[in-house]
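First comes the structure, then the notes that go with it.
Atoms within a ligand are numbered from 1 in the order they appear, just like the ligands themselves. The first residue in the sequence is number 1, and the count goes up from there. Predicted, not measured: the structure shown is a model, and the values here were computed from it.
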Amino acid sequence: MAGCRVCPRSCGVDRATDKRGFCSCGENIRIARAALHFWEEPCISGTNGSGAVFFSGCPLKCVFCQNEKISRGGFGREVTPLELMRIFDSLIEQGAHNINLVTPTHFAPQLKKILKEYKSTVPIVYNTSGYESVETLKSLEGLIDIYLPDLKYYDSTVSEKYSAAPDYFEYASKAVLEMSRQVSNLQTDGNGIAQRGLIIRHLILPGNVSQTLKLLNWISDNLSLQTTVSLMRQYTPYGKAKNIRPIDRPLSVREYKIALKAFTDLGFECGYVQRERCAQEKYIPEFNLKGVL
Ligand code: SF4
């Protein structure tokens with residue numbers, strides 16, 4: 001992978017050598033956990049769980065990341081393409097409704113090769129921060145059934161402050177449009193389990209509801225009101241964020257009501273909202289190589 005430009009960081013390093021870019025990853029796929037996960041949206045987790053495969057490293061590294069141990073710390077174990085395919089098999093045998101690739105961006109070229117060979121009997125979910133290059137997404141066309149991107153920030157000052165990525169929205173907005181072009185709106189089966197389509201996640205940040213309002217307006221103007229939006233209130237101060245105001249506290253009830261009102265007033269027809277008790281650290285998975293060894 002000479003001169004890696006897989007994501008918008010466009011580091012240009014040769015990951016086959018000792019050189020590392022912003023994501024801190026080499027050429028071989030590295031994962032920290034592969035297990036059934038029950039805390040995604042109901043159409044993803046269903047009753048059996050989502051087959052979540054957590055990739056080590058991250059091209060974004062938000063200050064409030066709840067997966068800090070793997071995103072910044074790089075915890076995980078390298079797996080070969082064949083081992084990863086066997087891990088997919090195991091998750092499907094356990095009853096997973098889908099294979100949920102969590103933060104896969106920096107391994108997209110490797111996953112492209114694997115998914116071309118692996119004939120999954122369940123949908124493949126691409127679960128991403130949204131900080132993606134359109135070229136990389138185009139290379140995955142036909143291999144991904146469900147795109148599950150975050151849309152985190154609208155303003156460059158905010159994305160620079162929390163993710164060192166002033167160009168976040170410039171890339172994420174184009175990425176979401178490309179994902180929509182590839183898979184269109186969410187389609188579910190008779191049991192309400194997602195089979196194909198786009199679900200946009202937005203985590204409302206305390207003291208930053210203006211970002212939520214701008215993003216909801218952008219989605220309504222540039223996609224459609226049938227777009228499925230998951231409006232998340234589960235923010236919990238974590239890692240560095242415990243010392244950064246105003247994200248050193250949970251979201252207030254008033255802030256969530258403002259976001260919810262905007263969602264309703266704009267006329268969105270499909271979406272998910274969360275109860276207050278979702279804002280708890282116990283929903284953060286344990287990264288202990290479960291399902292990897
Ligand atoms: S995938 Fe990693 S090395 Fe490649 S451009 Fe992105 S951050 Fe840099």
Side-chain angles (χ1 to χ4, degrees), residues 1-34 52-81 83-84 99-116 124-141 143-144 147-153 156 158-179 182 201 239-240 287 292:
M1 198 187 293
C4 181
R5 305 202 186 279
V6 169
C7 84
R9 297 284 183 195
S10 199
C11 303
V13 297
D14 182 356
R15 288 167 52 185
T17 67
D18 288 343
K19 295 212 168 62
R20 297 289 177 262
F22 194 91
C23 63
S24 318
C25 288
E27 205 169 40
N28 298 331
I29 287 181
R30 194 175 173 87
I31 61 177
R33 180 183 170 92
V53 179
F54 290 85
F55 293 88
S56 309
C58 180
L60 202 55
K61 296 181 181 166
C62 309
V63 292
F64 50 83
C65 181
Q66 63 179 20
N67 298 346
E68 197 181 26
K69 180 176 174 182
I70 60 172
S71 62
R72 285 178 186 278
F75 175 80
R77 178 182 161 244
E78 285 188 2
V79 292
T80 66
E83 284 173 328
L84 188 59
I99 296 298
N100 183 354
L101 308 174
V102 185
T103 318
T105 309
H106 45 300
F107 293 119
Q110 295 89 331
L111 287 167
K112 176 186 166 187
K113 283 186 196 156
I114 292 169
L115 293 174
K116 274 190 166 175
I124 302 290
V125 182
Y126 193 84
N127 183 341
T128 163
S129 68
Y131 195 50
E132 298 276 352
S133 88
V134 166
E135 291 69 29
T136 295
L137 293 174
K138 281 186 190 294
S139 75
L140 296 171
E141 184 163 7
L143 301 172
I144 304 298
Y147 279 107
L148 187 56
D150 293 335
L151 208 42
K152 292 174 183 285
Y153 323 102
S156 59
V158 182
S159 58
E160 180 168 25
K161 185 176 175 188
Y162 299 142
S163 294
D167 54 3
Y168 174 84
F169 182 71
E170 181 190 332
Y171 280 98
S173 55
K174 289 178 189 144
V176 165
L177 292 174
E178 169 61 19
M179 294 173 192
Q182 287 186 25
R201 281 179 166 168
K240 291 183 176 184
F287 297 113
V292 183

Shortest non-hydrogen contact between T128 and M179, atoms and distance:
CG2-CE, 3.9 Å
For ligand 1, which atoms have a heavy atom of H106 less than 4.0 angstrom away?
1 (S)
Using a 4.0 Å cutoff against the non-hydrogen atoms of G21, which atoms of ligand 1 qualify?
3 (S)
How about Y153 and Y168: are their ring centres within less than 6.0 Å of each other?
yes
Check whether any N, O or S atom of C23 sits under 2.8 Å from atom 8 (Fe) of ligand 1.
no
In short, I70 meets F75 closest at the heavy-atom pair CG2-O, 3.4 Å
Heavy-atom contacts under 4.0 Å between S10 and ligand 1: side chain, backbone, both, or neither?
backbone
Apply side-chain hydrogen bond (donor to acceptor under 3.5 Å, both in side chains) to Y131 and D167, showing your working.
CA-CA 9 Å; Y131 195 50; D167 54 3; 2.6 Å; yes
Sequence-distant partners of E68, salt bridge (charged side-chain N to carboxylate O under 4.0 Å, His left out), two or more places apart:
none
Number the atoms of ligand 1 from 1 as they appear, then name those within less than 4.0 Å of a heavy atom of R15, with their elements.
1 (S), 3 (S), 4 (Fe)
What's the shortest heavy-atom distance between L101 and L115, and which atoms?
CD1-CD1, 4.3 Å
Suppose I only count heavy atoms of F22 and a 4.0 Å limit; which atoms of ligand 1 are within that range?
7 (S), 8 (Fe)
Looking at atom 2 (Fe) of ligand 1, is one of the N, O or S atoms of C4 less than 2.8 Å from it?
no
